[in-house]
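Okay, structure first, notes after.
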Protein chains: 2
Amino acid sequence: MQTPTELAAAYRSQGRKLTPQRQLLFQLMHGNDKHPTAEALFAEASAQMPGISLRTVYQTLNELAEMGELQFIDIGGGATRFDPNLDDHHHVVCVDCGQIRDVHVNGTAALKPVGIEDFTINEVGVVFQGVCSTCEKSRAKSPKTAQAKSPAQQAKVSK
Amino acid sequence: MQTPTELAAAYRSQGRKLTPQRQLLFQLMHGNDKHPTAEALFAEASAQMPGISLRTVYQTLNELAEMGELQFIDIGGGATRFDPNLDDHHHVVCVDCGQIRDVHVNGTAALKPVGIEDFTINEVGVVFQGVCSTCEKSRAKSPKTAQAKSPAQQAKVSK
DNA sequence: AACCTAATTAGCAAGTCGTGCGAATAAGAA
DNA sequence: TTCTTATTCGCACGACTTGCTAATTAGGTT
Ligand SMILES: [Mn+2]
Ligand SMILES: [Mn+2]
Ligand SMILES: [Zn+2]
Ligand SMILES: [Zn+2]
């Protein structure tokens, strides 16, 4: 995603208006590597701008996605996560706390899909599933007790 | 996923009952490589057993997942897809029609995630995005016209 | 500085997907 | 056949996201 300033220019050049809500969201998303949900972003935004609506957050995120400024990440778990990082990168998910971390992956070019000659491939996504060090420690302390997870950070893991 | 007969045994040995609903779902899922949604499976089941409830379909699918007989696949697009194929494999998604196809991938062992030394990785998933030959042809005929897609097969694609 | 108008916002209704709950039903053991 | 308890089904409800629209506002025009 471009900087808030660059986005301002991009918006104007497209006949879009520069509202305080949008500017705030530009700031909050720029360089954001947390892969937040719309709700999470709404919470942050609300702190600085009480009254901003969740609807506007969704609207702006969709808008930015249409403009190619950010991507959606759907890895299960209910809510879509938003990612302003447009570099070629992939993700690791902690199955315990649900956090998503960027990860650069070497070797993706060498991946050879077999049996789909009839497809024209445009993109490849790699998702690692594991446990982060923090959760690993918690497990050591209370091996039996499942950690309390807020719905927002729960990861619905396959298999 | 095991055969309906094997599942029957597994169920009984776990004190679970063998209902006609479950048996039908075992059949419909066994060897199913369509990665159906719960709704899609419900539709198929309803054809053979009018009156079966969507609730029961969800219940049975969750049950089978708990038993490790199938996996959930979440690649965006609204509904979770179910996969009875437990072999080590990956998926290709047609961004046009939303179909998901199994694909064996060579080279996954060589994938090197960089910068997540603090994670204990358990699993790696690879998803290819592209266009299937059928959709490719449709595009040739009507390049401008977007294909009509049923909600169930729509793929919500990131980026 | 006041004005105009299209774009935007906020809020609530509604849609989709999935789960909690409880009464009625049925599997399977006795 | 009887009994116990797992299961089914239907509906309410919850989480997430979008549709709709009246009120507001950005930003160009006079
Ligand atoms: Mn990312
Ligand atoms: Mn599969
Ligand atoms: Zn964690
Ligand atoms: Zn297709």
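Computed from a predicted structure; not experimentally measured. We name chains A, B, ... by the order of the sequence lines, and we start the count at 1 in each one.
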When rounded to whole Å, the CZ to C1' distance for the pair B:Arg12 and D:dA6 reads 15 Å
I want to verify a distance call: between D:dT8, D:dT7, C:dT9, whose nearest atom is closest to the B:Arg16 side chain?
D:dT7
Looking at B:Phe26 versus B:Tyr11, is the centre-to-centre ring distance below 6.0 Å?
yes
For A:Gln21, answer base if it contacts any base atom (sugar-phosphate contacts may also be present), sugar-phosphate if it contacts only those atoms, and nothing otherwise; contact means non-hydrogen atoms under 4.0 Å.
sugar-phosphate
Let me know the distance between CD1 of A:Ile75 and C1' of D:dC16, rounded to the nearest Å.
16 Å
Return the nearest nucleotide to the side chain of A:Asn62; candidates are D:dC9, D:dT18, D:dT17.
D:dT18
Answer with yes or no after comparing the ring centroid distance for B:Phe128 and A:Phe119 against a 6.0 Å cut-off, counting only values under it.
no
On the nucleotide C:dC17, are OP1 or OP2 found under 4.0 Å from the side-chain N or O atoms that B:Thr37 carries?
no
Using whole Å, what does the distance between atom P of nucleotide D:dT7 and atom CG of B:Leu64 come to?
12 Å
Could you tell me whether A:Asp102 and A:Lys34 have a side-chain N and a carboxylate O separated by less than 4.0 Å?
no
So, with a heavy-atom separation below 4.0 Å from DNA chain D, the residues of residues 49-58 of chain B are B:Gly51, B:Ile52, B:Ser53, B:Arg55, B:Thr56
For B:Arg101, is there an ion pair with A:Asp118 - N to carboxylate O distance below 4.0 angstrom?
yes
Tabulated below should be each protein N or O lying under 3.5 Å from an N or O of nucleotides 24-26 of chain D; please produce it.
from, atom 1, to, atom 2, distance (Å)
D:dA26, N3, A:Lys17, NZ, 2.8

OH of B:Tyr11 versus P of C:dG28: gap in Å, rounded?
12 Å
Quick one: do the A:Thr120 and B:Glu136 side chains pair a donor with an acceptor below 3.5 Å?
yes
Nucleotides 12-14 of chain D: which of its N/O atoms have a protein N/O under 3.5 Å away?
none

Just how far, in rounded Å, is P of C:dT16 from CG of A:Asp74?
18 Å
